[in-house]
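Scroll down for the structure; my scribbles are underneath it.
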Amino acid sequence: MQETPLSELIQQRIKKLDTLRSLGIEPYNGTFEPSHSSEQIHKEYGELEKEQFENQTIEVSIAGRIILLRDFGKAVFAHLQDSKGKIQIYLRKDILGDKFQLIKNLDIGDIIGVSGRLFRTKTNELTIEVHNFEFLSKSLRPLPEKWHGLKDIEARYRQRYVDLIVNPSVKETFVKRQQIIKSLRDFLEEEGFLEVETPMMHTIAGGARAKPFKTYHEALDMELFLRIAPELYLKRLLVGGFERVYEIGKNFRNEGISTKHNPEFTMIEFYVAYKDYNWLMSFTEKLLSYIVQKVCGSLQVKFGDYILDFTPPYKKISMYDALKERGVPENIFKDAELARKWALEKGIDIPKESSLSKVLDEIFKEVVEPQLIQPTFIIDYPVELSPLAKRKRDNPELVERFELFIAGREIANAFSELNDPIDQKERFLQQLEERLKGDEEVPELDEDFIRALEIGMPPAAGEGIGIDRLVMLLTDNQSIRDVILFPLLRPEQK
RNA sequence: GGGCCGUUAGCUCAGCUGGCAGAGCAGCUGACUCUUAAUCAGCGGGUCGGAGGUUCGAAUCCUCCACGGCUCACCA
């Protein structure tokens, strides 16, 4: 039988595993109590001079993965990597005695625990002179090359565990992701918000306009949808008397995959009773500048070719003024036909049967959005595009809504929440007509939500922020897959 | 879903207008007790993504398929 070369490499390692077992060593059974992490060692002893190590004995123990081996026959250097860094270890035959022979069975990728004494080498590198070591896990598969790492993008996503081992910046991204979410929670907690959990399985997929994933509950014999947004449940909590609530969690949308879209993505939505979108804009400025300062240590952040400046206040401009600013003639704002003609002349693709608002929205996406690099609030959208937002008090054709754009991307969407049950029901019914025309993205009428509004919801402002996109901005990643540990991919073919 | 590009050793990559499938790292054998991508000598390792086709001859040209990347569309 012909061996493939990979299994040849694996066989060689299994042989070493067998050798260890024949010597009474079980490389998968151990536990280990390290005295230090590599980070702690560098922090505590990184300043000490060579002589200072010679005058005293500093004993440490540490566990980690071998990521580099340099064998000199009777002495071996290796690099041990643990969760936050790495450190060099030095193994000598005259110190380890018989145990030194075991190193023949050591491979790059193995996880070991070592104990010994700190010193500095001739070239002044802080190193552990190993007095004892044990196998904690034998690696049977070779790791990628030490210098170039794992570059193949598909392999990096499919085998994120390998990516994390060999590409240190990946780890940093996900540590930063957690810091962003933590500082978000800290900020909201400080502001008196309650974190809640609402259902991810909905009988009606409402709160946004998107194609949902379908699933099925056997015992109740009932079709369910993975939620596309938590909005309608969080508003029910406002009705129930919570005044400041938020939820951080996954939303699921059965739509295309791109560098800006993953079918499951993380959102925060938060709601504040008795406030409106004006209050929310300055709140958003405070919240973002808090997070950015905390996580990046500065309000200026490099993203691709841009330096993004999160120093408040952010530019604020109405959707129509933004269009005007980009040279869109005012006379098309009231006339669907003129607007469509103008768009077509500019080569903007408009779906058939689009209303005036939709055409203007398309033009906006094409002409304005990519230009919004520094944080910018776009405010006052047409009512038709925003069925859950409150009408502007002085212009019922518009709603009190803003979207925050940064680096040409929509990062947040917020409005003064519509709490008039009659207006809300009318707008739902209006939408339903589109559903009857075959628009799958319009949800069914949520009668219970209307009932809740009829009980009475306080005036409130609410906002959603795409966490993945925010993480992209603050970690300088251009693809959403680089900020999601396991992005969705087709199954690997054998 | 459309367009463009990619897929060669475990990893990173060469391989020109068709003519014996290569390098570095990793691996194996040996030497070496302070290396920093250690060094030196030797060795093994390939269904060139898959299936067809053209040809005396295909990693290379053509067709289809799979997976991926970028991009457009949809969306956050």
Side-chain angles (χ1 to χ4, degrees), chain A residues 2-13 15-16 50 67-79 86 88-96 100 104 107-109 119-125 127 129 139-159 162 166 207-211 228-229 251-269 348-351 361-362 365-366 369 403-405 409-413 439-441 464-470 472 478-481 487 489-494:
Chain A
Q2 181 121 18
E3 296 280 5
T4 69
L6 173 60
S7 79
E8 212 174 287
L9 293 173
I10 291 176
Q11 284 309 322
Q12 282 166 353
R13 288 178 176 225
K15 217 168 135 189
K16 292 177 183 176
K50 204 169 170 174
I67 53 164
L68 211 87
L69 262 180
R70 289 187 285 268
D71 184 351
F72 286 81
K74 296 192 182 67
V76 173
F77 286 94
H79 287 182
K86 58 188 174 186
Q88 181 169 262
I89 63 174
Y90 181 45
L91 304 110
R92 291 170 57 132
K93 189 173 185 183
D94 56 3
I95 293 175
L96 288 164
F100 190 78
K104 280 204 168 57
D107 283 298
I108 291 172
F119 76 109
R120 280 194 187 278
T121 62
K122 274 182 191 164
T123 48
N124 218 32
E125 178 157 352
T127 301
E129 178 190 275
S139 168
L140 298 183
R141 259 173 208 272
L143 286 176
E145 201 225 1
K146 59 188 168 191
W147 194 240
H148 298 94
L150 184 65
K151 287 216 171 126
D152 183 82
I153 293 179
E154 183 179 354
R156 287 187 45 221
Y157 296 148
R158 287 198 195 280
Q159 301 179 47
V162 178
V166 300
R209 206 186 161 111
K211 203 187 275 181
I228 57 173
N251 288 348
F252 306 86
R253 299 193 182 173
N254 206 339
E255 281 159 357
I257 295 177
S258 78
T259 46
K260 297 192 186 82
H261 302 88
N262 194 61
E264 55 178 302
F265 61 101
T266 304
M267 281 262 289
I268 175 165
E269 285 198 16
I348 301 169
D349 196 29
I350 304 289
D361 192 41
E362 291 295 330
K365 278 180 186 160
E366 196 71 27
E369 236 181 72
E403 291 191 304
L404 176 62
F405 290 89
R409 295 158 161 76
E410 187 194 332
I411 298 299
N413 179 21
D439 189 337
E440 281 182 72
E441 295 186 359
I465 301 174
I467 299 288
D468 311 284
R469 288 183 179 178
L470 183 62
M472 286 167 69
Q478 299 294 322
S479 170
I480 198 168
R481 286 175 216 120
L489 296 174
R490 281 199 180 84
E492 205 170 348
Q493 63 167 352
K494 287 283 160 66

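Lettering follows sequence order; numbering is per chain, from 1.
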Just N and O in the side chain of [X]: are any of them under 4.0 Å from OP1 or OP2 of [N]?
X      : N     : answer
A:R158 : B:G68 : yes
A:T259 : B:U71 : yes
A:R70  : B:C34 : no

With [X], which residues qualify under salt bridge (charged side-chain N to carboxylate O under 4.0 Å, His left out), at least two apart?
X      : answer
A:R92  : A:D94
A:K93  : none
A:E264 : A:K250
A:R120 : none

Can you tell me the distance, in whole Å, between the [atom1] atom of [X] and the [atom2] atom of [N]?
X      : N     : atom1 : atom2 : value
A:E8   : B:U29 : CD    : P     : 13 Å
A:F72  : B:C40 : CZ    : C1'   : 12 Å
A:K104 : B:C28 : NZ    : P     : 11 Å

Proximity to the side chain of A:L68 - top-ranked nucleotide from B:A38, B:A76, B:U33:
B:A38
Every protein N/O lying under 3.5 Å from an N/O of nucleotides 1-9 of chain B:
none

Partners of A:K365 by side chain to side chain contact (heavy atoms under 4.5 Å, CB included), sequence neighbours excluded?
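A:D361, A:E369.
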Report the residues that fulfil side chain to side chain donor-acceptor pair (under 3.5 Å) with A:N262, sequence neighbours left out, ordered by chain and then residue number.
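Scan of A:N262 (side chain to side chain donor-acceptor pair (under 3.5 Å), adjacent residues dropped) gives none.
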Need the pair for B:G42. Rule: Watson-Crick or G-U wobble, both distances under 3.5 Å, any strand; none if unpaired.
B:C28
Determine the interplanar angle of the A:F77 and A:F72 rings, folded into 0 to 90°, and report it as parallel if under 30°, tilted if 30 to 60°, perpendicular if over 60°.
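Judged by the thresholds at 30° and 60°, the geometry between A:F77 and A:F72 is perpendicular.
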Any pair with a residue in residues 252-263 of chain A that passes salt bridge (charged side-chain N to carboxylate O under 4.0 Å, His left out), sequence neighbours left out, goes on the list, sorted by first then second residue, please.
none
Can A:F77 be called stacked on B:U35 when the rule is centres closer than 5.5 Å and an angle between planes below 30°?
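So yes, this residue stacks on that base, both cut-offs being met.
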Can you build the contact string for nucleotides 21-27 of chain B? Use B for base contact, S for sugar-phosphate-only contact, and - for no protein heavy atom under 4.0 Å.
---BBSS
On RNA chain B, compare the nucleotides closest to A:E403 and A:K50; which residue's is nearer the 5' end?
A:K50
5′-ward residue of the pair A:G149/A:E264 relative to RNA chain B:
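Looking at RNA chain B, the more 5' nearest nucleotide goes with A:G149.
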